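Working notes, beginning with the structure itself.
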Amino acid sequence: MYSHLAFSYPLFVTCKDNRLVDTDEISTEKTFEKLLKLSKKERELTIARWCQGSKECMGEFKQAVDLAKISYDLALKDFETKYQDLAKKLEDKFVDTKSTNALELLQLSTAVAEVKACQDTKQNLTPGDFVKNNKLLITYPYHNNYMYITGCKGVDTDTCYPMGTESVEKVIKEATIMGVDPYTVLSLSLMENEAQGVSSLYLDPIGVMASMGCQAKQVANGTEGVLNSYGTSYEVKAEVKSDPKLKAKLKKYFDEFKLGAELGNSYYCNNVQGGVPSVQEKAASGSCCIELGFKASKNASDSVARALVFPFIDQITKTPFKDKKDPSWRLQRYNGYTDLMGGAESVPAWRSGVNYYENPMYGEQAMDYMINGFMNNSWIKDKVNQYQKLYGIPESVICKGRENGTFVIDTNMYFQSQKETPRMSKIAQKIKAGGSFSSLNSREKKVLEEELRATADQNKFMHAEPKIDPGLENTISQKLGNITEIFPHGMLEEDEVLNKLKGKIKYSKDDLSRIYQGIKRATVLYSEGQKISQEFNTSYSEVGSLIQSNNVPELYQVINSLMSSDSESKTPEEIAKKVNAMVTSLDKETKEKLIKGIFKVINKKEEQMKLTEEFQKIKYPKGVSNLDFARITAAMTKYKTFEEYKTLYAEKIKADPSLEVELLKLYNYRQERINVAEMGTDLSEAAKEYFTNIYGKRSTVGQTSNYKWERLDEEQTNKLVKKYEQF
Amino acid sequence: MKKIIIFLTVLLSYSALAFDCINRDEQEELKPSPGRVVIKNFVHTLVYEKDSCGARGCDIRVYSQVHSKCMTNSFNGKGFYVENTLMPKQVTISKEGKLFTYFYSPLRGIFEL
C-alpha cells in the first residue's frame, strides 16, 4: 500500500538484507510527466492500479490527463489534488510487501531511467557545491521548529551556526566503523543538539553504565566504600564485561582514528566509588569494566566513552515497536514514549499534550531529518558511500524488517504528520464530555494549567501572573545568609480582611469568617508540620544509616509494617519483639539503638499523620474552590513597607548595593502576586473557556507553534542560502 | 540546594496543601502490568512505563499516601531512577549526568529539591 502524499514527493529506497543500498527522489511533477509519457494502455493500467478499480477515481485521473492537452499547469494542480486525496484514503505509510513493489505498482519501469535523470539535476550539483568555508549547506525545506538543522533558527535570524564538514564527516566515519547507520546517528544528533553540536551526541552516564551492563543502587548517605556524587551515595556492582563483537568494533574504531590500539589487552573502567572513567591496564578492582581486547592508553578514555554511544543506538533500533512498521517508532525510543508530553517535565507549549504512543513525533522528526536533511545532500551521500566502501554498509532503520526490493517513502509525510499531531485530545474529550478541571488526573491538570497560563491573555477567566527570574529568590537568600523568609510578614485581622473582600467575593460574612479561621489554623498546622517533618526526616536518616551500616535491610519491613498498620501496638516493647525476631546476629547495644530509633520514627510519623488528619478536618463552607482559598489567603497577607525591609537588611545592602535592586524586584513581584490572587482565577471556568473558544486554534502542533509549519517559499530559501554566502 | 518555603507561596499553592487525592484513572497506574515498573514501600509508590525510557531517562511518577484514604501524585519527572527503594523518603534521578535528589515533604505531600 501507499501512504497519503506518497506519490507527491516520493523517495525511492532500495533495501537489501536490511541495508539501504540506493536512494532516489522524484517529485509529483515528474511523476505526472512520467504518467503523460506512458502509452495510453500503460497509463490506463497505472491509473487503474492506483485507484484499485474505482471508476470514479479513474475518471478523475483521466480528466487530469486530458486537461494537460489544454493547460499543463492546471492539469498538474488537478493531478496533485487527486493524487493526495487518493493517498489519504490508503492506510500504511510504507509499501510493505514485495508484491506491491513501488516500481511495479507505478508501472514506471520503462521510465525509471528518465526519472533518475530528472533526479540527477539535483545530483548534478557536486558535493563541493554544498560546502563553503568548511560549513555544510543543508537544504531543509520547511519553516518549522526544527529548521535549525540549517544552522539558522529562522529565516530572518541575523546569525547562523551551520554544521562543520569536519564534524559531520567524523560522525559518518564513526558510525560506519561501529556498524551503525550514519543517517540515523546524524538525525538523532540533530534531535539532541543544535547544528554545530552534530558530533556531540551524549548519553547520560547512568545510561552508559547500563549499556556497559552495570547497575547502580542507591544506599544511605555515609555508607563507606560507595560512590558519593552530588550528595547522594550509591552502590555500583563491580564486574568485568566482555563482548567479542563490541571488542572487534572498538578495535576498528581505534585503528581507523589512530587512537593507539596495540597488541595486548586493557579495560575501560568506572570506579564504583567515583572518579573519571578511564582505560586501565588491568580490570581495576572495585570497578565496573569492559574488556577492550587491545592495549590502549589512558588518554583514549574519552574516545571509548564516545564509541559506546553507537551500540546504544543499534540496540534501540534493533526491534520494531509493538506491531508498528514505520521506522519512526523505533527512533522514538531514543527519547522514550509518553502518553502526555509535558506530564512529567514541562515542555514548550507547541508540543505539550502530545501522545507519543499515537504520534511518535520525536521519531518522525528524526526520519524527516534523515530524508529531507541528509539523504538529499550530495556531500553527505558522497561521504557515506566513501566510508561504506571502506567499512561496509550497516543495517538501516529504513530497511530493517523489510523484504529486499525498492520501496517508496513520501518525503512530506513526516512533516505533515507532525504538523497535524493533536495536542491534549484526551483532556479535550474529558472537558467536552462535561468533566471539570478537578476531574482531570494530576498530569493532565499540570499540562492544562500550563496551557491556560500560556493563553491567559486570550482567556477572560485567567489573570496573567507576573514573571520573574526563577533564581532570584535563591540569589537573595544566599546573599542574606540562607534565610528561609526574605520578607517576614504578618496576617491581617479578620475584620480587615472581610472589609477588603467585601463585594468582591461571593461568600457571606459568616462563611468568609469560617474560611478565614480555617486558613489561620491551617497556617499554624503547616508551620508545626514543617518542624515535625524535619524531625521525621532526621530520625529516619539515622535509622537508615544504622540499618545500612549493620547490613540489616530486612528491618525496613518492620518499619514498613508498623507505619502502615493502624491497629497494631507500637510500644517500644512491641518494636523490640519484632526487631529481635528479625535480627539475631546484632549485639545488644546496636539492637537497642535500632529499637529507640525506630520508635522515634514511628512516633514522628504518627504526629505527622495526626497533624495531616487535623488539617483535613478543618471545616470550610461547601463549594469553596482552591482558587478562592488562594484569593483569601493572599488578602490575609500583611507585608511591611519596602523601606522597613530595607532597614532590616541595611548592613547587607551597604556591603552589596545590587541587593537593594534585587530585593525591590522580588518585593514588587510578591505584591503583584497578591493582586493577581485577590482577583482570583477559576481554573474550571478558564478550562471551559479555553476548550470553547481557544482550543480550536491550538489543537495541533502546527497551529500552536510560533513557526509556520509550511514549506519554505523561494524568497525564504534564497534568504537562507544568502546567509551561507556570508560564512 | 536549599529550598526556600515562603508563606505566600504555600498559601497560593493551596491545592497542594489540600491534598488532591488521586482519582480512579491514576489508581489504575499503581496496578502492576506488563511493561510497567511499580516500586512500592509503605507510603510511596513509584511507577514508570518501560516504553517511556529513552536516552534521557523515563517519565517517573510517585504517588504517596497522605492519610489512610488519600493518595496524591507527589512527583513527576524525567530521568533515570537511581534505585533506592524510596528510602528513607527520597527520589533520586539522574538527568544529563547529574543526580537530583528530591525529598518528601509529608505535610505538603510532594517531593521537592
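Protein chains get the first letters and strands the later ones, always in sequence-line order, with residue 1 at the start of each. Bear in mind the structure is a predicted one, so any value in this text is a computation, not a measurement.
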Is there a ring-ring contact (aromatic ring centres under 6.0 Å, His included) between A:Tyr337 and A:Phe321? Walk through the geometry before answering. CA-CA 10 Å; A:Tyr337 281 85; A:Phe321 181 73; 3.9 Å; yes

Chain B heavy atoms under 4.5 Å from [X]: which part of the residue, side chain, backbone, both or neither?
{"X": "A:Lys610", "value": "neither"}
{"X": "A:Ser346", "value": "neither"}
{"X": "A:Ile547", "value": "neither"}

A:Phe536 ring centre to A:Lys605 NZ or CZ under 6.0 Å, with the angle to the axis within 45°?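 Yes - A:Lys605 lies over the ring of A:Phe536, closer than 6.0 Å to its centre and within 45° of its axis.
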
Approximate separation, where rounding is to 0.5 Å, of A:Arg333 CZ and A:Gln315 CD: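 Answer rounded to 0.5 Å: 9.5 Å.
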
Contact winner vs chain A - B:Ile22, B:Ile60, B:Asp59, heavy-atom pairs under 4.5 Å: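 Greatest number of close heavy-atom pairs with chain A: B:Asp59.
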
Winner by heavy-atom pair count (cut-off under 4.5 Å) against chain A, out of B:Gly77, B:Gly79, B:Gly57: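 Result: the option with the highest number of such pairs is B:Gly77.
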
Is it the side chain or the backbone of B:Gln27 that comes within 4.5 Å of chain A heavy atoms, both, or neither?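 Neither part.
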
Aromatic contact between A:Phe487 and A:Tyr667, with the criterion being ring centroids under 6.0 Å apart: yes or no?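 Yes; A:Tyr667 has its ring centre under 6.0 Å from that of A:Phe487.
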
side-chain contact (heavy atoms from CB on, under 4.5 Å) with A:Lys322: which residues, sequence neighbours excluded?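 Applying side-chain contact (heavy atoms from CB on, under 4.5 Å) to A:Lys322 gives A:Tyr357, B:Asp51.
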
